[in-house]
Amino acid sequence: MENAFGLIYTGDASMQLRELTNSRSVAAVPFGGRYRTIDFMLSDLVNTGIYNVGIIAQKNYHSLMDHLESGKEWDLHRKRDGLFVLPPFVTHDNTGVYRGTVDAIRSCLGYVRRSAQKYVVLMGSHTIYNTTFNDMIKSHIESGADITIMYNRDSMEPQKERYDDLRLKFDADGRVCDLALDPTNISTPFRSCDAFVMEKTILEYLVEDAYSHARYDFTNDVLVRSVGSINMRGWEYTGYVARLNSPNDYYKHNMALLDKAVSKDLFNSAHPIYTKIKDEFPASYVGKGSAVNSVIADGCMIEGHVENSILFRGVRVAPGAVVKNSIIMQASNIGEGASLNCVILDKSVTVRPNVTLSGHGTYPIILRKGTVV
Amino acid sequence: MPKKKIIAMLLAGGQGSRLGVLTKSMAKPAVPFGGKYRIIDFPLSNCVNSDIDTVGVLTQYEPLALNAYLGSGQPWDLDRMNGGVFVLPPYVSGSTGQWYSGTANAIYQNIPFIDQYDPEYVLILSGDHIYKMNYAKMLDFHIKKKAEATIAVLTVPMEEASRFGIMNTDDEDRIIDFEEKPKAPKSNKASMGIYIFNWKTLRPYLVADEQDNSSSHDFGKNIIPNLLRSGANLYAYGFTGYWKDVGTIRSLWEANMDLIGADPEFRLADKSWKIYSKSPAMPPHYIGAEASLTNALVSEGCVVYGSVERSVLFTGAHVGKGAVIRDSIVMPNAEIGDGAIVTKAIIGEGSVVSAGAVIGCEKTPEDGDYDTSLTGDITLVANSVTIPEGKRVPVGMIVK
C-alpha cells in the first residue's frame with residue numbers, strides 16, 4: 001500500500017478526438033479491443049497499491065459512470081476508501097460548470113481533505129501507459145521535490161495538431177527550469193505524461209491560490225507560472241506512452257498494438273489492465289472466416305476476412321466482407337461483401353452489404369456511434 | 001435470516017475419475033470448458049438467470065481449485081447480502097464427522113445450512129453437466145402440479161436409455177416408476193440429475209435414509225424410490241434443448257466441439273442467457289500475419305501464429321509459427337511450440353508442447369501397448385506437463 005491517493009481528471013471539454021468524444025468524455029473512449037482509456041489509469045493506480053481514487057467528471061460522464069459502476073472490476077469497491085466519482089455540483093460559490101482544471105479540482109477539495117493519504121497522484125485521462133507509481137513516489141520523497149512530473153522522451157518534430165504538449169527542461173541539478181505548453185519550436189524531447197505526484201496539502205494550496213487570482217488552468221496558470229517558485233522535478237518513464245490527442249494518434253496507437261513489443265508493454269502480465277467484464281462468448285471463426293495480424297476480442301463472429309485491424313467485443317463480420325487497417329468498436333456489424341479500409345467505426349455501427357468505405361492511413365474515416373451506412 | 005422461497009444445492013464433490021488425469025488436482029466442476037468457462041459456470045449461471053440467489057456448493061474432492069475459483073461469487077452476481085454462494089465441505093461437529101458418503105448424505109449433512117433459510121423448495125443440481133435451463137419454469141411446473149418432488153427429464157434415444165435413470169410416467173407426467181440403468185427400459189425419459197423438492201417433504205426422508213444402514217445414501221438409488229413407494233407426488237419435467245454429461249474424455253471433447261461453427265449444436269453466444277465466468281484480465285487475442293483459422297473458437301489472451309482448425313483455444317493459449325492444431329482443445333495458458341502438430345487431442349492447462357512435437361500421431365509398433373479405455377482415439381496431455389521437442393505421442397495415449 002502506498003501512502004497516496006489518485007485523482008483523475010476526465011472532464012476535458014475539448015473535442016480533439018472529434019466524433020469519438022461526441023457522446024463521451026475522453027476517459028470513456030474505447031481503446032485496444034476491450035478497454036476504455038480510464039482502465040489504464042485505474043489499473044496503474046491499483047497495481048501501485050493505491051485504493052483511494054477520485055474521478056473528476058465534468059461533461060458527458062454518463063458513459064463513464066456506466067462503465068465504472070461501483071468500481072468492483074478494479075477492486076475499488078471498498079469500505080475503506082475505494083472509488084469516488086466526483087461530478088460537478090452547484091453551491092453558492094460553485095456555478096457547477098468548470099472554467100478549467102483548477103475549478104474542477106477546487107470543487108473536489110472536500111474529497112481531497114477527507115483522504116487520509118499524504119500524497120496525491122494527479123492524472124489526466126488521454127495518456128495511456130502501463131506502469132506502477134511506486135518508484136515515482138519514492139523518487140519524489142527522496143528528491144524533496146514539491147511536484148514530480150512523469151515524463152518521457154518524445155519526438156521534437158513540429159506537430160501539426162498541438163494539444164497538451166507540456167515540455168520540460170532541467171537544470172544541472174535535475175530541477176525543472178523551464179516548462180512550455182504547446183511550444184511552436186520544440187527544444188526539448190522531455191514531454192509530460194500527464195501524471196504528477198505531490199503532497200495533497202501542496203495541491204490544496206496551489207488550487208486555492210490560483211482560484212483567488214482568477215486563474216483556472218492547472219497546467220498553464222499553475223505549473224508553467226510557478227517554475228521559479230516551486231521545486232519541480234521529473235521522473236522518466238521509458239515504456240510505451242500512447243497520447244490520444246487527435247484521431248490520428250488514436251488510430252496510430254491502436255494499430256501499434258499489432259506490434260508484439262507494444263502489446264507486451266501495454267498488457268504487461270505482471271500488471272494486468274482491468275476492465276468491465278461483459279461475459280461474451282469466445283471469438284468464433286466460422287467457415288471461410290479468417291484473420292491475419294489482428295487483435296480480436298471475445299464475442300466476435302468472423303465469417304469474412306480481417307487484416308491489420310482491431311476488433312472490439314461482439315463485432316460481426318459477415319461472409320465475403322473484408323476489413324483492413326481498421327478499428328471496429330463494440331457490437332458493430334459488417335454486412336456481406338462490404339469492404340472497409342482505414343476506418344474507425346464507433347460502437348454499434350452497421351455497414352450494409354456491399355458497401356465500400358475507404359479512408360487513408362493518415363486520415364481515417366470515423367463513423368459515429370450507431371451510424372447505419 | 002429472511003426466508004427464501006427456493007435455494008439450490010450443487011453437488012460438486014465428485015472426483016470425475018473417468019476424466020482421468022484432468023481431474024488429478026481439481027474436482028470435475030472446476031475443469032475448463034468452452035474456451036473461457038469451467039463446468040460449474042453452467043449450473044451457477046442457470047441459477048442466477050433463473051433468479052435463484054442462494055447456492056450451496058458441496059465439495060469434498062480436491063476443493064482448492066474450486067474454492068479459489070468461486071471466491072466471493074462476484075463473477076456470477078452471487079455476492080449477496082442475504083444469500084449468495086457458499087462452499088460446503090464436510091465438517092466435524094463435536095466428536096463426530098464424516099465424508100459425504102453419497103448425494104443424499106451430502107444434503108443430509110447440510111440440513112442446518114438449508115434450515116437457516118427455511119425454504120419452501122430445494123433445487124438439487126450436479127456440477128458435471130453442460131446445458132442452459134430456466135429452473136424458474138421447472139419450479140412453476142412443480143407448483144402447478146402440486147408435486148412434492150419434480151425430476152427434470154430428457155428424452156433420449158431408446159437404445160441409449162439403459163445408461164440412465166429412467167422415469168416411467170402417466171399422461172399427466174406423474175412418475176409411476178423409476179428404474180436406475182434398466183436393461184429393458186420401458187421409457188426413454190432420462191433423469192438429468194436435477195430435482196426440486198418441497199423441503200418439508202424431503203427433510204424427513206433424508207433423516208430416515210441416514211438411519212438406514214443398508215442405504216447407499218443416494219438420491220437416484222434410495223430417496224426417489226422411497227418417495228415413490230410411499231406414494232408421494234412425483235412429477236417428470238420434460239426438458240428440451242442441449243444437455244451433455246461431460247463426465248468422460250470423449251463427451252468433454254464432443255461438448256467443446258459442439259460450440260464451434262455458425263450454427264453450433266450448442267449456442268452460447270446468447271445475450272438472453274449469458275454464462276458468466278471469472279475473467280482472468282487478459283487482452284483480446286492476437287492473430288499473427290501467417291496464422292490461419294478455420295472453424296475455431298479463440299479466447300482472450302491467446303496468441304496464434306500457426307494454423308487452427310475445428311478447435312477450441314482457451315484463455316492465454318499460445319500457438320507457435322507453423323504449428324497445426326486440428327480437432328483439438330487447448331486449455332488455459334497451454335503453449336504449442338513452433339511446428340508442433342496436434343491432432344484430436346486435449347492439451348491440459350499450462351502444459352507445453354515443445355517445438356516439432358507431434359500429438360495424436362498414428363500408432364506404430366514401437367509405441368507398445370498402452371491403455372486407451374478412457375480416451376479412445378483422443379490423445380490427452382495432462383495439466384502442467386512439458387512434452388519435449390520433437391516427441392511423438394501416439395493416438396489415444398495419456399501423458400501425465
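In this structure, Arg34(A) contributes its side chain and Met282(B) its backbone to a donor-acceptor pair below 3.5 Å. Lys72(A) places no side-chain N or O within donor-acceptor distance of the main-chain N or O of Gln74(B), the cut-off being under 3.5 Å. Looking only at distances, a side-chain donor or acceptor of Asn295(B) sits under 3.5 Å from a matching main-chain atom of Gly287(A). Remark: side-chain polar atoms of Asp279(A) are not paired, donor with acceptor, to backbone N or O of Tyr276(B) under 3.5 angstrom.
Nearest heavy atom pair, residue Pro284(B) against residue Gly32(A), reads CG-O, 3.4 Å. Residues Ile273(A) and Ala281(B) come closest through the heavy atom pair O-CB, 4.2 Å. Looking at every heavy atom in both residues, Gly261(B) comes nearest to Ser284(A) through O-OG, 4.1 Å.
To the nearest 0.5 Å, the span separating OG on Ser309(A) from CD1 on Ile287(B) amounts to 12.5 Å.
No side-chain heavy atom of Pro282(A) sits less than 4.5 Å from a side-chain heavy atom of Val298(B). You'll find the side chain of Pro283(B) reaches within 4.5 Å of the side chain of Tyr35(A), heavy atoms only. Using a 4.5 Å heavy-atom threshold, the side chains of Tyr286(B) and Ile296(A) count as separate.
Proximity to chain B (any heavy atom under 4.5 Å) is shown, for Lys288(A), by neither the backbone nor the side chain. For Ile260(B), no part lies under 4.5 angstrom from a heavy atom of chain A. Neither the backbone nor the side chain of Phe314(B) comes within less than 4.5 Å of any heavy atom in chain A.
The ring-ring contact (aromatic ring centres under 6.0 Å, His included) analysis of residues 275-303 of chain A, with sequence neighbours excluded, yields the pairs Tyr285(A)-His285(B).
Taking a 6.0 Å sphere around CZ of Arg352(A), one finds it holds 12 or fewer heavy atoms contributed by other residues, nucleotides or ligands. A 6.0 Å sphere centred on CD of Glu290(B) holds no more than 12 heavy atoms belonging to other residues, nucleotides or ligands.
Looking only at heavy-atom pairs under 4.5 Å with chain B, the residue among Leu257(A), Val295(A), Leu266(A), Ile302(A) that has the most is Val295(A). Note: Ala296(B) leads Ala296(B), Ala262(B), Gly34(B) in heavy-atom pairs under 4.5 Å with chain A. The candidate with the highest count of non-hydrogen atom pairs below 4.5 Å against chain A, out of Ser277(B), Gly35(B), Pro75(B), Ser292(B), is Ser277(B). Interface check for chain B: of the options Leu258(A), Leu311(A), Ile310(A), Val306(A), the most heavy-atom pairs under 4.5 Å are formed by Leu258(A). In terms of heavy-atom pairs under 4.5 angstrom with chain B, the leader among Asn308(A), Asn293(A), Val292(A) is Asn293(A).
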Could you give me the CA-CA distance, side-chain angles and deciding distance for Glu300(B) and Glu280(A), then say whether side chain to side chain contact (heavy atoms under 4.5 Å, CB included) is met?
CA-CA 10 Å; Glu300(B) 280 160 357; Glu280(A) 294 270 9; over 6 Å; no

